[in-house]
Protein chains: 2
Amino acid sequence: MNNKKTKTVVTAQDVADLAGVSRSAVSRTFTENGSISEQTKAKVLRAAEQLGYQVNFLAQGLNRRRSQLIGVVVAHLSDPFRSSLLEALLSEIKSRGYQALVTEVRKDDDLEDTLRRFTQYRVSGVVVTSGQPPEALVEECLQLSIPVVGINRAINLSKVDVVCSDNQKGAQLAAQQLMSAGCQTIGWLNYKDSTWSGVDRGEHFKAALHDWNQQPAHQLINIKTEQNCYEGARAAAHQLVASGQQVDGVFCATALMACGFLDGMREQGKHAPEDFHLIGFDNTPLTSQYSYQLTTIDHSVKETAEKVLWCLESRANNPELAQRQEQVAVSLLTRHTSP
Amino acid sequence: MNNKKTKTVVTAQDVADLAGVSRSAVSRTFTENGSISEQTKAKVLRAAEQLGYQVNFLAQGLNRRRSQLIGVVVAHLSDPFRSSLLEALLSEIKSRGYQALVTEVRKDDDLEDTLRRFTQYRVSGVVVTSGQPPEALVEECLQLSIPVVGINRAINLSKVDVVCSDNQKGAQLAAQQLMSAGCQTIGWLNYKDSTWSGVDRGEHFKAALHDWNQQPAHQLINIKTEQNCYEGARAAAHQLVASGQQVDGVFCATALMACGFLDGMREQGKHAPEDFHLIGFDNTPLTSQYSYQLTTIDHSVKETAEKVLWCLESRANNPELAQRQEQVAVSLLTRHTSP
DNA sequence: TTGAAAGCGATACCAT
DNA sequence: ATGGTATCGCTTTCAA
C-alpha cells in the first residue's frame, strides 16, 4: 500500500509511480505525436484510468504558452440571429477540441478589456462577432501569435481574417425578387448607426436595383431606425405610414428588424404581401414562425462557424498570411411576405 | 538601454527588475490584501504600466489551484428564454470579475465530458442550465471544492444548490387568471419528456385549480408535445383541434411553446383571447412582440443570475453547507392573450 | 524509446 | 514591509 494521505488531486507523477515509468512517459502518452512504445503507453493508460487522472490544462497551457481556449466576443444575444450564430460557434469550437471563453460586450470600450483578458489566458484564437477591435490590442494578440477573426464586419487590419455573408449576392437576390414582383417604390431599412455589414448590404442593394434598370422606373426610400432591433423597426414603420409615404417593397438589413417592420405595418392595417413585399437578411427560427413567414436571405451559421475555425487554425500555423475574406454562400428563401 | 532581445511576453520578473524590487513585491501589488507599502506599490505599477505587464492567468491559476473561470452548461440557445438567461449569466459573471467558459450540450452524455473539462481548468464554479449532472462527476467537483449550481431543475444531490423560479406562485397566478376569466375547460401544455421544472409547474397548476374550486366545475386537459419547442406546440394545437376537443384556457410550460400553440390555433381559425385564453411561463422578448402579445409569468433572469453567483461564492467559502433552494420571484404580466 | 532536469510564470511561506 | 525560495503540474530538450 502506498502511503498517500488525503491527496485529492491526481498528478502525472502519481500515474508515473503507479505505472513504474517516468513523468515524461505519462506526458507523452497524452500528447499526439509523443514518441512512446505501445507497451509503456498501455501501462500508463491503465494506471491513469485506475487513478482517474486528468491533465491539468492550466499547467499544460502555461508550459505550452497556449491554452485550448478560444475567446468569443458577443453582443445582443436577444437577437435570434446572434444567438444562433453563437450556438454554431460553440458547437464548432467544441468539436475541434477547444473550449469557448465567451464574453459579452456592451460598449466598445469593453472590447479592450475583454481582448486583454483573453490574452491573459493565452487563448488559441479570438472570434469577434461584435464591435471594432482596437488596432493596438490586435497587434498585441498577433505578437503573442493569437489569431483574430471577425464575423460580418470589415476590419481594416491586415492579418485579421474576416468571415462574411455574401452581401452582394444577397442584395442582388433581394433586388431581383422585388423587381420581378413589380415593386415600384422600394424601401431599404437599416439602423441609423449600422455597422459595416448593414451598410454594405445597403450599397449592394442600391447598386443591384440600379443595374436592373438603368433608367429606374422605381424610387428608393431610405428608412432609418433609431434602434437596431425589433422595436426600432416597428417604430420606423409607424413613422413611415404617418409620413404618408408609400412603399410596395422593402428590404431589411436584419431579419429581426424585418419582423419588427412587418408588425409595425400590420398595426397600421398594412399587410405583406398584399400591400407590400418584404425581405429580410438572416434566416432565423423566428422568421419561419407562422406569424411571420418572412422571405429572407439565408446564410448558414454552420458554414460561418466552420470557416471561422478554419481561419483560426490555418493562421496559427502561419501567422504572416495576408488578410483573408471568406464569403458565406447565401440564398433566397421564399416565404409568405414575398412569394 | 536594456539588452532585451525579441522578448515578446512581459513577466513579473521583468517588472521587478525595472522597478528594482523583488518578484514577490510585484505579485503583492496585484493581489487584494497584499501587505505592501504605497511607495513600492507605486513603483511597481509604474514599471508594469511602462512594460505593459499582464498577469498570466494560467500561471496564477496553477499556483492558486483555481482559475477565475466559471463553467456554464447551456443547450438550445434557439429558445429565446435560454439565450436571455445566458446573456444575464454572462453579464453577472463578468461583473464579478470572472470569465465564462461556455459549453453547449446536446445529449446528456456530453455533460460528463463537459464537467470534466471544466475541472481540468480548475474553474471557480459550475452553472448547469441543462441536463442532469451525474452524481459521480459532481462528487469530483466538490472534492476539488468546485461549487455546482443548477438553474430551474431539481438536483437531488446535497451540496448542489438550485436557483429556481417560484413555480408554485407562478402556477397559482396563472390558475387564478384563467379561473377568474371564467374558463371552464382548461389545458395544461407541456413537453412529453419535460424536465423537472415543467413537471413541477404542471403539478402546482393542477393543485391551484383544485384549490380554487373544491368541486371543480372545470375540466383539465393534458396536452403533450412531441418536441420541446415552437414547432412541437404548434403541432399539438393542430392535433388538439383535429381531435375535436375544446379548450377555453391554456397554460404552457414555456413561453416559446405558448407562441407555437398560439400560432397553431390561429392556423385553425381560433384566436386568443376571443376563443381561448393563453398564458405562458417565461417572459421573453418574443412574447412581447405585436404578433404574440402573450400573457406570461415573468421571472427575472437578472435576479436568477445574481442568485446563482451568490450561491457559487458563498459555497466557495463554505463547501459543507447543505443544499440551498433559491426562489426567484414571479409575477403575472397581462397582455393580449389573457387580458 | 526513455528518464533526468530545466523551465513555464506566478504565489505564498518563511525569514529578515 | 520585503526578498528568497519552494511549489503548482506539466512539457520539452538533452543524454543515454
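Order of the sequence lines fixes the chain letters, A, B, ..., with proteins taken first and strands second; residue numbering starts at 1 for each chain.
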Atom pair distance, as rounded to whole Å: [atom1] in [X] and [atom2] in [N]:
X: A:Arg66; N: C:dC8; atom1: CZ; atom2: P; value: 16 Å
X: A:Glu38; N: C:dT1; atom1: CD; atom2: C1'; value: 12 Å
X: A:Gln13; N: D:dC8; atom1: CD; atom2: P; value: 11 Å
X: A:Gln68; N: D:dT11; atom1: CD; atom2: C1'; value: 14 Å
X: B:Arg64; N: C:dC8; atom1: CZ; atom2: P; value: 21 Å
X: B:Asn63; N: D:dC8; atom1: CG; atom2: P; value: 9 Å
X: A:Arg23; N: D:dT11; atom1: CZ; atom2: C1'; value: 9 Å
X: A:Leu58; N: D:dG9; atom1: CG; atom2: P; value: 10 Å

Looking only at side-chain N and O atoms, does [X] come under 4.0 Å of OP1 or OP2 in [N]?
X: A:Tyr53; N: D:dC10; value: yes
X: A:Thr11; N: D:dC8; value: no
X: B:Ser24; N: C:dA12; value: no
X: B:Ser27; N: C:dT11; value: yes

Heavy atoms under 4.0 Å, any strand shown: does [X] hit a base, just sugar-phosphate, or nothing?
X: B:Ile36; answer: sugar-phosphate
X: A:Gln120; answer: nothing
X: B:Val21; answer: sugar-phosphate
X: B:Thr31; answer: nothing
X: B:Arg65; answer: sugar-phosphate
X: B:Phe57; answer: nothing

Discussion item. Using side-chain heavy atoms (C-beta onward) and a distance below 4.5 Å, is A:Phe118 in contact with A:Leu101?
Written reply: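 Heavy-atom side-chain distance check passes, below 4.5 Å.
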Discussion item. Is there a side-chain contact between A:Thr129 and A:Leu86 in this structure, where contact means two heavy atoms from C-beta onward sitting under 4.5 Å apart?
Written reply: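 No - every pair of side-chain heavy atoms lies 4.5 Å or more apart.
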Which of the following nucleotides, [options], is nearest to the side chain of [X]?
X: A:Ala12; options: C:dC8, D:dC10, D:dT12; result: D:dC10
X: B:Asn56; options: D:dG4, D:dG9, C:dA10; result: C:dA10
X: A:Ala25; options: C:dA10, C:dG3, C:dT2; result: C:dG3

Worksheet item: In this structure, which one of A:Thr304, A:Val301, A:Asn152 forms a side-chain contact (heavy atoms from CB on, under 4.5 Å) with A:Ser165?
Response: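 So the option named by the test is A:Asn152.
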Worksheet entry | Side-chain donor/acceptor of B:Arg28 to base of D:dG3, under 3.5 Å |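 Side chain to base: pair present.
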Practice prompt. Considering non-hydrogen atoms only, spot the tightest contact between A:Val72 and A:Ala100 and give its length.
Written response: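 Looks like CG2-CB, 4.5 Å.
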Worksheet entry | Sidechain-backbone polar pair: B:Glu92 side chain, B:Glu306 backbone, donor-acceptor under 3.5 Å |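 Checking the backbone N and O of B:Glu306 against the side chain of B:Glu92, no donor-acceptor pair under 3.5 Å is found.
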Worksheet item: Is the backbone N or O of A:Ile151 less than 3.5 Å from a side-chain atom of A:Arg153, with the two atoms forming a donor-acceptor pair by type?
Response: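 Such a contact is found between A:Arg153 side chain and A:Ile151 backbone.
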Worksheet item: DNA chain D: A:Val55 or B:Gln39, which has the more 5' nearest nucleotide?
Response: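 First, find each residue's nearest nucleotide; the 5'-ward one identifies B:Gln39.
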Practice prompt. Could you pick out which residue, B:Ser37 or A:Ala59, lies toward the 5' side of DNA chain D when each is mapped onto its nearest nucleotide?
Written response: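 Looking at the nearest nucleotide for each, B:Ser37 comes out on the 5' side.
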